[in-house]
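Step one of this worksheet: look at the structure below.
In what follows, every chain begins at residue 1, and chains take the letters A, B, ... in the order their sequences are listed.
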Amino acid sequence: MKKKSKLKFQIISIISLIAFFAIWQLLTDVYRVIPSTMLPSPVKVLQTIGMKWSVKKPDGSTLPQHILASLQVSGLGFCLGAVIGVPLGVIMAWWEKADLSLKPVFDFVRTIPPIAWIPIMIVLLGIGVVAKASIVFLSAFIPCVINSYTGIKATKTVHIWVAQTFGGSKTRTLFKVAIPTALPYIFTGLKVSLNSSWGALVAAEMLGSASGLGYMIQMGRLLSRADLIVVGMIVIGIIGTILSAFLDSLEKIVVKGEVR
Amino acid sequence: MEQSGKIGKEKLSCRGITKSFSSSSGNFEVLHDLTFDVYENEFLVLFGPGQCGKTTLLYMLAGLEECTEGEVFHNGEPVTGPAPSRAVVYQTMALFPWMTVWDNVSFSQKVRKAEKKVIAERTQYFIDLVGLTGFEKSYPVQLSGGMKQRVGIARAYCSDPDVLLMDEPFGHLDAQTRYMMQESLGKIWENEKRTIVFVTNNIEEALYLADRIILLSDCPSQIKKEYRITLPRPRSLVSPEFLKLRKEITEQMNMSD
Amino acid sequence: MKKKAAAVLMAAITAAAASLGTVTALAAEEEPVTIRVATLAQQLSLPMYYISEQGWDVENGFKLEITTFSQGTGINEALGSGLVDVCTIGAAGVNSCCIYDAVYLFSHEDSAAGQQVMVRNDSPIAQEKGYLEDYPELLGSPETIKDATILLPMGTGSQINVDTYLDRFGLTEDDVTLVNMDTAPAYQAFVSGEGDMAHTCYPTADEYDPEQYTVAFSMNTVGLPYYDNIIASRSFFEDEKNHDALVALCVQLLRTAETFKDDTVLMDTMMAWYELNGQTVDRDKIEHQVLERPFFTYEDLSSIDATASFKIMAEFYATIGNITEEDLEHVFANMDDTIISEALSVYAETYL
Amino acid sequence: MRHNYGKIRVVLYGAGTFLVLLSLWQIAAMTSNSEIGFPTPVAVIGRFFHMLSNKVGSYTIWGHTLWSLSRVVIGYLLACVLGVVLGLTMGWFPYVKALFKPVFDLLRPIAPLAWIPLAILWFGIGEKYKYFLIFIAAFVPFTLNSYAGAVRVDRQLIGAARMLGASHSQVFFRIVVPSAVPSIFSGAQVALSNAWMTMLAAEMVRSSEGIGWLIIAGQGINDMTQMIAGMLAIGIVGFLLANGMRLLERRCLVWNNQGK
């Protein structure tokens, strides 16, 4: 695309963003078309973010505490997902018996959304960070399993043949050849899994929590405070974007020569 | 470069064609000041070593690529963009995977909103011409390389082109299919006389098919030599004249000027 | 089976499409005014249920459409989204009054009983009783209560209950961890070992096994008057043609309170309600739950100031920061007494 | 991922694992003395079949499933139409991309469940907020994949089409749209599981029928058996939906089976 037209489109994008916020502001504060109980104006949202940064009222923790609690829950869930999911995927792909026996169970468990597990998790694991992390784990471990499974399966049979001709045992081949080749797939799996573990955060915090962004949104609902709700949503959105941007750049560095 | 005897009036003519690609490491010139004509109903072959911009030249004749300098004329009119009158057969076939053979071949007629009867007639005619009768309903994914290229040829013919531009159409085929395709293309060309510009880096293919061969040099490629091939058709690859010509052109090509 | 199932699906789609698109036109004039009522489940929905069962609503020119909710916060949302005209609600009603500009009509029931917080018998809190002279019933002391985890449905009367309890010991919400959970999940979590205290109310309160759990405090022992209130949406309240229907509804509520003084009528209605909602319940077990929460009759409302509880709750919400000071003024401004006084005089003429 | 290891062995291994898991669960349930009677698999499956024929609340499981499906169908179709149209046009027309992409990228990272409180504020607690939530959950994957499909179209095919005389709009409809279909289908798969999960969350927040309501009703009266039976129903329906979508894809994309 020629230089001139690329610039033109960038300008349009900026204008459309500004228009989005301007319309939002006009509809709420200026012309009062939408009552503030239904949708707070961008200015009100910014005020609330400012206020919530240091004030605990009315939902019991400041914004940084909420963010920390949420990162803790989805972080722990993600680690569980990766630590259990990746080896599970590798085992299922490498040993035929494991694949045959584990795959149907995995496919069935996969269809039950994490939120449906909440009532059971309360009884099994209580309401601590571990219970919440288990809800995140349920949505985080699936991409890990799938991608490491595809990664190992995609390992060219020639690689295995080459390793075996040089006398490598099955397991040695697995670690020397199959896993290194599957690394790019495994990394994509981790990337997807981190995104979905951040997404599952809201569900996890429905389990019963005292702080966290999902909890803040719930409190916004209980106290009919639309500004708390919107602030919670926006902060979740921003952190989600930062996470995936960070992962994309990490992927570019780590997985240089990968086959895409 | 002397003007060879006229067969018919010029179909395509290039005047001072130059093409250079600007990349991060400065400009990279591919074609340098090419001037030549293509005559009506002539089988012209652009022959040259592997990477010397033959495909780019062909795309510029079709109007798919713009010239950095110089111009291409078709029946005297400057070429501004791709058009059905300059049909292209791609090396990678570029068939529409979601369309059946019938839809692929009849695409140009349907797009032109010709009436049903005309579409049906023409499409069936060209499918039979390239020997794909009975495969009308199958998808490209279900065809072999050779058959896919036949669809490419039928599709190009079906748009009733003034000129057929072929970019190493048999480049991807195995040797066996390649000979077969060269032979059938020769026959097709006999029945359906069209001006054809054929790009290849295979000397047998060039000599077997061409009325005229333009030998191109390495990048930035220029016209090295022009040969008029008057061997009777269908040519045999082992006749003495064929072999003599083959040796001469190969030597000429490898001689760095 | 297949055809019926498909019919249900089709009906659901057409019904949904209808509600999505067209705005249903209001019923013709001479028909009774439809009042869409939202009530809390079980006992608190009895008056409305009884009125519609006896047909007292159609007799007096209004038609009740009742939906039940598990928590007051759900009713707030219903009011906020204009799906409900009148509701019976507890402390959560304060939110509706200040944020959705709803109108408080009057308090119709003393529902403090059963609003209590359970604690495990073997927990440190349970070992200390009568730490405060003027509240001998309360368990625990500042040291044992500090840093406790309490499970409760936030934004409702139970939060005020817990905060009053903490206040008695000079503590605030920041000294403990409040975990937001509905009554039933709170019970399941608490019983499986989570948290130090769990708020509950009837009927879940009776699920707790007395050998293992005792009442740390309840609204009565903490001295917090807790009445359930009748609240109307602003649009419904201000529409002149609904005025008579509202008065008539209040009159019928008073009449039902009077009839519910007879325990057998009250219990029969309770059992009928459980039957209707497909829950099998043991009558004797729930008898005490129902009788401990009386409905205000004509005499009660004439003698005591029933609005006290709602005002205390509104002030409390302001102190803990759930609502701002000017919201508080807004709540007081929305406490109407014209409808109830008119209803009391109409009730006096007709039924006394 | 399907490897045919011979039909019988597949069934044997799969059934084997399920049996092992169920018996573990049976033993655990019988020995557990937790306050809340943890139901045994036999009880759960028994209750599941019981609920197939008799009413729970106002419907049998069939009715609840149909209610849930009717909500998913409406939100899903709306998201499909709008998502594909926006995605394709954003991918092909630079003006549309410049106008809508920034706002779309702004709202995309917000998890569907985070929209629940706002949806309730905007649409009330009837049916409409559920349609809105399911629409949002399905709209994002549809748009993303259609956009990716339109952007990744093979330039050579476009050249060929224009060479054969196709006009700019004909190129869009006859080349760009069909070539994006495979990635739209993969988007449809993601959208379906998103919609299914969000429908459940919406029902567990507020509803008077549907499978989500079934679980919450069970939780409300401490009936663990009904809760787990509800999860069983969700798993089965989710399983059927996912496989149904795969079959549909395989049938429609007969021309593409060498791709995926």
- Item | More than 12 heavy atoms from other groups under 6.0 Å of CZ on D:F173 | no
- Message: I need the minimum non-hydrogen distance between D:S179 and B:W98, along with the two atoms involved.
- Response: CB-CZ3, 3.3 Å
- Can you name the closest pair of heavy atoms from D:G159 and B:Y90 and give their distance? C-OH, 3.4 Å
- Message: Using a 6.0 Å cut-off, check whether atom CZ of D:R246 has over 12 heavy atoms from anything other than its own residue.
- Response: yes
- Message: Does atom NZ (B:K148) have a neighbourhood of more than 12 heavy atoms from anything else shown, all under 6.0 Å?
- Response: yes
- Message: Please identify which of these residues, D:D154, D:L253, D:L157, meets the side chain to side chain contact (heavy atoms under 4.5 Å, CB included) condition with B:P97.
- Response: D:L157
- Note on the structure: If one checks every heavy atom of D:Q170 against chain B at 4.5 Å, the contacting part turns out to be side chain
- Item | Separation between CZ of D:R174 and CZ of B:F96, rounded to the nearest 0.5 Å | 10.0 Å
- Message: Does B:K137 have more than 12 heavy atoms from other residues, nucleotides or ligands lying within 6.0 Å of its NZ?
- Response: yes
- Can you name the closest pair of heavy atoms from B:P84 and D:G165 and give their distance? CG-CA, 3.7 Å
- Query: Which members of residues 55-69 of chain B, sorted by number, sit under 4.5 angstrom from chain D on a heavy-atom basis?
  - Reply: B:Y59, B:L64
- Message: Just checking B:Q176: does its CD atom have more than 12 heavy atoms from other residues, nucleotides or ligands closer to it than 6.0 angstrom?
- Response: no
- Message: Restricting to non-hydrogen atoms, name the atom on D:M163 and the atom on B:R86 that form the minimum distance, rounded to 0.1 Å.
- Response: CG-O, 3.6 Å
- Gap separating the NZ atom of B:K110 from the CG atom of D:L164, nearest 0.5 angstrom: 12.0 Å
- Message: Does D:R162 have more than 12 heavy atoms from other residues, nucleotides or ligands lying within 6.0 Å of its CZ?
- Response: no
